There are 2 protein chains.
Amino acid sequence: MKGTKQKILDTAERLFADSGYTGTSMRQIIANAGVNLAAIHYHFGSKEELLDGVVARRAGPVNEERLVLLENAVAAAKGRPLTVEEVLEALLRPMVAVARQNEQFVRFMGRLFMEGLMPHIAKRHFHQVMVRFIGALREALPELPEQEFQWRVHFMMGSIAQTMCGSPEGLNLLGAACGFEERIDRLKRFLSAGFRAPGE
Amino acid sequence: MKGTKQKILDTAERLFADSGYTGTSMRQIIANAGVNLAAIHYHFGSKEELLDGVVARRAGPVNEERLVLLENAVAAAKGRPLTVEEVLEALLRPMVAVARQNEQFVRFMGRLFMEGLMPHIAKRHFHQVMVRFIGALREALPELPEQEFQWRVHFMMGSIAQTMCGSPEGLNLLGAACGFEERIDRLKRFLSAGFRAPGE
DNA sequence: GTCTATACTGAGATAGAC
DNA sequence: GTCTATCTCAGTATAGAC
């Protein structure tokens, strides 16, 4: 039998994925999990820390996979600098596995970013990995002026979030649904070209 | 003397820009505007419709300017199809004027998108203009497969939102602050190259 | 240590007097 | 048109049972 904490995490993940963070109340979570309201505060402290717990459970494996792929690529390159495509591949591909296992969760992560709660959560769980990948991108683009590079990283973040959100919402008017793997391929082509554009 | 409705709109715009939509309570708004809580519901119906009103007041002029610039570019091209850069210029440049007049508001609009409330609001105020611009982009990229094109529009939306949010939040770790005009130039270079990347 | 019951504060919304 | 009073529901905090 699952413990209370597990039940809360699983239920919260499902409801957050369905209705977003702000769209899910703690009372909904406890009702679906069959636990008491205060149990959330006992185990997590607050709604935001519960979110943090949900993200942490998934972010760990994804980030590990990312770093493994990156190091593999570095090893395979035998001293040659990585290409932008190779770095992006290591960064984006692991999301496919998560999406296959729990597609809703990837959308949820995209939404998190969209809901403006990510700055806080993201720092805790993705900061280190992003520093590593931004460094790798920098090495792949040594000639790009620093400011230009940093803004392109910024642009990339926006595109990634938008891609994760996935289903054609917002201003994507035409409904270009496709599998997550294909989406990543498209995103890689788009971002690689953007990063390689002539600098200022 | 300003009417109640005006006072509410002005105050809400300022507070939303400072603290975001969810971060601003209606009670804060009425306290700063010096009006009664129920006045908001009388004039607007709900908090979300108040937001809609705030956006509407600014979106109109921006969208008009966008369309003017686009038609000017079409006229100047004398039958030649527009380039991607020309379309993006007409789409993005008008935001500079708004930013100069009220930079906070541009950030606010980016945040709106980020907070996931945009899908609803955006449809009402930007749908028509976006259809026009997506059509123009399509003509500039006739050889791109349709699915690929649609996803690139999607990616573009994410980058634009991220750019508007502006101040280096989220995963932009290094703090690449620069003026809005410069930002637009960088974004144009990035997006143009992304759109022109080889298709699938 | 874990969990339940319950109370507190502040949010958006609404009905009805004026 | 405006304002008071009130409603429901949110997240949070705490006291105490087991």
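Just so it is clear, the model here is predicted, and its values are computed rather than measured. Each chain gets a letter, A, B and so on, in the order the sequences are listed, and its residues count up from 1.
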Check your understanding: Are any side-chain N or O atoms of B:Asn63 and backbone N or O atoms of B:Phe126, one a donor and one an acceptor, separated by less than 3.5 Å?
Key -> no

Practice item. Measure from CE on A:Met26 to P on C:dT6 and round the result to the nearest Å. Key: 19 Å

Study note, to complete from the structure: To the nearest angstrom, the CD1-C1' distance between B:Ile30 and C:dG12 comes to 12 Å

Check your understanding: Got A:His154 and B:Arg186 here, is their nearest side-chain heavy-atom distance under 4.5 Å?
Key -> no

Check your understanding: Quick one: A:Lys47 NZ to C:dT9 P, roughly how many Å, whole number?
Key -> 21 Å

Practice item. Using a heavy-atom cut-off of under 4.0 Å over every strand shown, decide if B:Thr22 touches base, sugar-phosphate, or nothing. Key: nothing

Review point. CZ of A:Phe44 versus C1' of D:dA13: gap in Å, rounded?
Key: 18 Å

Exercise for review: Please list all pairs passing the salt bridge (charged side-chain N to carboxylate O under 4.0 Å, His left out) test where one or both residues lie in residues 94-105 of chain B, with sequence neighbours left out.
Suggested key: B:Arg100-B:Glu181, B:Glu103-B:Arg107, B:Glu103-B:Arg183

Check your understanding: Just by distance, do the side chain of B:Lys47 and the backbone of B:Thr24 share a donor-acceptor pair under 3.5 Å?
Key -> yes

Practice item. Would you mind reading off the distance between A:Leu15 atom CG and D:dA10 atom P, rounded to a whole angstrom? Key: 13 Å

**Study point:** A:Arg27 CZ - C:dC8 C1' separation (whole Å)
**Key:** 11 Å

Practice item. Establish, with yes or no, whether the OP1 or OP2 oxygen of D:dT12 is under 4.0 angstrom from a side-chain nitrogen or oxygen of A:His41. Key: yes

Exercise for review: Figure out the CD1/P separation between B:Ile40 and C:dT14, and round it to whole Å.
Suggested key: 14 Å

Between protein and nucleic acid, restricted to nucleotides 2-4 of chain C and to nitrogen or oxygen atoms under 3.5 Å apart, what atom pairs and distances do you find?
residue: C:dT2; atom: OP2; partner: A:Tyr42; partner atom: OH; Å: 2.5
residue: C:dC3; atom: OP1; partner: A:Thr4; partner atom: OG1; Å: 2.5
residue: C:dC3; atom: OP2; partner: A:His43; partner atom: NE2; Å: 2.4
residue: C:dT4; atom: OP2; partner: A:Asn36; partner atom: N; Å: 3.0

Check your understanding: Under the 3.5 angstrom rule, does the side chain of A:Gln28 hit a backbone N or O of A:Ser25 as a donor-acceptor pair?
Key -> yes

Review point. Mind checking whether B:Phe195 and A:Phe190 have parallel, tilted or perpendicular rings, split at 30° and 60°?
Key: perpendicular

Review point. Roughly, in whole Å, what's the span from CD in B:Glu49 to P in C:dG12?
Key: 14 Å

